[in-house]
Each structure stands twice: as C-alpha cells, then as structure tokens.
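Some notes on the structure that comes next.
Residue numbers run from 1 in the order of the sequence given. Hydrogens, waters and symmetry mates are skipped; everything else that's a heavy atom, side chains included, is used.
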Amino acid sequence: MATSGTTTWSLNRDEVINSALRKLAVLSGGSTPESFQVTDAAQALNAMIKTFQTAGMPLWAIKNYTFPTVAAKSTYTVGPAGDLTTPAPLKVLQAYRVEGTGPNIPMNIYTQYNFNLLPVNNTSGPPINLYYQPMNEAGTLKLWPTPSSATTNITIFYQRPFEDMNSATDDFDFPPYWTEALIYGLAWRLSGEYGTPAAERSTLANEAKYFYDQALSFGTEEGSLYLQPNWAGMN
C-alpha cells in the first residue's frame with residue numbers, strides 16, 4: 001500500500017468557513033455561501049482568533065527579538081512604528097542581555113507593581129530587570145537600571161499575536177492540528193445567528209470545546225516544575 005508521502009494538508013479561510021456552514025446545514029450538496037454569509041463568518045472567525053490569543057503561550061507562537069540598548073534610554077515602544085519594530089508582544093516570557101561578546105546574562109521579568117518599587121529611578125548601568133506593558137496597538141518595554149552604554153544587546157522571548165484572516169485564500173496562522181478547533185469553534189459561534197436549536201447548539205459547543213482542548217494541550221511546552229522559597233520577598 002502506497003502512502004501519499006506528504007504532510008502539508010491544510011484549509012484556507014473560506015474552506016474553513018464553508019466547512020463550518022456545512023456543520024450548520026446552511027450548505028449542502030456542493031452549494032456555495034452568499035457573499036454576505038462569507039463576510040459575516042469571516043468577522044466571527046477573526047473575533048474568535050483574537051479570543052484564542054488569551055489561552056496561553058503555545059510553542060508555535062513564541063518568537064524572539066534582539067535589540068541594542070540606547071545609552072540613557074530606559075523606555076522603548078514596541079510595534080511596527082515603535083523604537084523596536086516587531087509586532088507588539090502579547091506577553092514577554094524571558095529575556096537575557098549580552099555585553100559585547102560576553103555570555104548570556106538572564107534578566108528578571110517584573111510585574112508593574114514590583115517594577116515600580118525599584119529604588120532610584122535615575123540609576124544607570126547594565127540592565128538587570130525588565131517590565132513590559134502591552135497596549136492597544138503597541139507596547140512599552142522598560143529597563144532598570146537605565147542602560148549606561150550602547151554595547152548591550154537584549155533578547156526577549158515573547159508570545160506574538162495571531163495573524164488576521166483577510167482574504168478568501170489566506171492560510172491560517174495556526175498549525176494544521178488546529179483545523180477542527182477552528183471549524184467547530186466557528187460553527188458554534190455562528191449557530192445563534194442561524195437559529196440552530198438549543199440542543200444542537202449545546203452539542204456543537206461540546207464538540208468545539210473538545211477539539212479546542214485537544215489542540216491547546218498539544219501545543220504547550222512539556223517540562224518540570226520546581227518550587228522554592230521566595231527569598232527575594234517579591235510577588
């Protein structure tokens with residue numbers, strides 16, 4: 001028996017929309033949706049993708065970005081038009097600095113509360129602490145102490161936003177194993193607009209949750225958890 005030898009199967013935006021509408025019996029027998037149905041479904045799909053961003057830190061959406069410090073500059077805007085021209089992170093997970101050609105030196109990622117408790121705002125030197133605040137279209141990254149030179153490179157690891165679905169043939173910014181989560185999640189979200197009976201909506205909700213949980217659990221990092229006393233006395 002010969003196998004295909006390929007592993008690249010995927011669906012584009014309108015193929016997922018059509019599949020979701022078939023689950024609602026809106027389409028059948030090879031029929032195609034009306035343009036307004038595609039528009040409404042695409043809107044619901046993009047809203048759902050934005051909500052999916054809140055689920056955590058999937059491995060496939062974690063990126064890194066390296067930037068040089070600017071002497072006497074402690075605050076940097078992050079975004080396509082900011083000081084650091086990368087898509088604004090949802091969360092910064094890890095950071096380290098490198099002085100010249102030296103080794104990687106881990107940095108502390110602080111909450112806003114703890115960062116505001118740091119003493120002497122005008123302290124300068126090699127940065128050891130970092131705070132990141134996500135905003136609507138950009139973000140703000142703060143360093144402490146204020147960098148005293150431009151010879152330091154800082155690398156951040158962050159959760160990036162998921163890309164929008166704008167065109168009919170756009171491929172999804174998700175691994176293929178998210179396909180059923182996208183289809184059933186969209187079908188459930190559209191079911192109220194198409195007057196799907198409550199019992200069938202409940203079934204769709206359970207199916208959507210099942211496929212969502214399956215995809216989410218597979219995309220998280222596996223590792224050990226270590227607990228120790230909070231010697232620094234910080235939250």
Side-chain angles (χ1 to χ4, degrees), residues 1-64 80 86-91 93 134 137 157-222:
M1 182 178 68
T3 61
S4 68
T6 67
T7 58
T8 58
W9 177 89
S10 64
L11 298 181
N12 62 32
R13 189 200 72 173
D14 277 13
E15 288 171 336
V16 164
I17 288 174
N18 291 349
S19 183
L21 293 176
R22 289 196 299 270
K23 301 295 181 288
L24 300 174
V26 175
L27 300 181
S28 63
S31 60
T32 58
E34 300 291 339
S35 59
F36 76 88
Q37 292 175 315
V38 174
T39 298
D40 292 347
Q43 185 181 70
L45 179 63
N46 278 307
M48 180 179 73
I49 288 173
K50 297 303 181 187
T51 301
F52 280 6
Q53 292 181 154
T54 66
M57 297 165 285
L59 287 175
W60 50 270
I62 295 176
K63 299 296 182 181
N64 63 77
T86 186
L90 300 173
K91 294 180 180 180
L93 314 174
E137 295 181 355
F157 293 81
Y158 64 93
Q159 181 186 349
R160 64 168 176 80
F162 304 155
E163 294 182 16
D164 301 328
M165 304 300 294
N166 298 322
S167 301
T169 57
D170 279 350
D171 291 320
F172 281 87
D173 185 26
F174 287 79
Y177 59 80
W178 274 85
T179 302
E180 288 187 302
L182 292 163
I183 292 171
Y184 280 86
L186 179 60
W188 174 62
R189 283 164 170 79
L190 292 175
S191 61
E193 299 182 27
Y194 286 98
T196 304
E200 295 181 21
R201 289 196 68 196
S202 178
T203 299
L204 273 175
N206 290 334
E207 292 173 326
K209 183 179 186 305
Y210 170 78
F211 290 119
Y212 177 82
D213 289 345
Q214 290 288 103
L216 186 64
S217 64
F218 185 76
T220 55
E221 188 169 22
E222 298 177 5

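Residues D14 and V38 are in side-chain contact: their nearest non-hydrogen atoms beyond the backbone lie under 4.5 Å apart. Put simply, the side chain of L186 does not reach to within 4.5 Å of the side chain of L21, judged on heavy atoms. Side chains of V16 and F172 form a contact here, defined as non-hydrogen atoms less than 4.5 Å apart. A 4.5 Å side-chain heavy-atom check between K23 and L190 finds every atom pair outside the cut-off.
Not one N or O on the side chain of S28 forms a donor-acceptor pair closer than 3.5 Å with the backbone of A25. Of the possible polar contacts, one joining the N46 side chain to the M165 backbone as a donor-acceptor pair under 3.5 Å is found. A donor-acceptor distance shorter than 3.5 angstrom exists from the side chain of Q37 to the backbone of E34, with no hydrogens or angles considered. At least one donor-acceptor pair under 3.5 Å links the side chain of T39 to the backbone N or O of S35. Between the side chain of Q53 and the backbone N or O of F162, at least one donor-acceptor pair lies under 3.5 Å. Remark: the backbone N or O of T8 is not paired with any side-chain donor or acceptor of T6 at under 3.5 angstrom. In this structure a side-chain-to-backbone donor-acceptor pair under 3.5 Å is present from R189 to G185. No donor-acceptor distance shorter than 3.5 angstrom exists from the side chain of E180 to the backbone of E207, with no hydrogens or angles considered.
Between Y177 and F218, the angle of the ring planes goes over 60°, which puts this pair in the perpendicular group of the 30/60° scheme. Note on ring orientation: taking the six-membered ring where Trp is involved, the planes of W178 and W60 are perpendicular (angle over 60°, cut-offs 30° and 60°).
A distance of 5.5 Å separates CG in L204 from OG in S191, rounded to the nearest 0.5 Å. Atoms CD and CG, on E193 and D40 in that order, are 6.0 Å from each other to the nearest 0.5 Å. Distance check, rounded to the nearest 0.5 Å: CG of L93 to CD of Q159 gives 7.0 Å.
Pairing each heavy atom of P33 with each of L27, the nearest pair is N-CD2, 3.6 Å.
Tested against Y212 for a ring pair (Phe, Tyr, Trp, His ring centres under 6.0 Å), the candidates Y184, W188, F52 yield a single pass: F52.
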Go through the steps for T179 and F174 under the test side-chain contact (heavy atoms from CB on, under 4.5 Å), then give the verdict.
CA-CA 8 Å; T179 302; F174 287 79; over 6 Å; no

Would F211 and L182 satisfy side-chain contact (heavy atoms from CB on, under 4.5 Å), going step by step from the backbone distance to the final call?
CA-CA 9 Å; F211 290 119; L182 292 163; over 6 Å; no

Is there a salt bridge (charged side-chain N to carboxylate O under 4.0 Å, His left out) between D171 and R13? Walk through the geometry before answering.
CA-CA 6 Å; D171 291 320; R13 189 200 72 173; over 6 Å; no

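Looking only at atom types and distance, the side chain of T196 has no donor-acceptor partner in the side chain of R201 under 3.5 Å away.
Around atom NZ of K209, no more than 12 heavy atoms belonging to other residues, nucleotides or ligands sit under 6.0 Å away. The 12-atom threshold is exceeded at OH of Y194, counting heavy atoms of other residues, nucleotides or ligands nearer than 6.0 Å.
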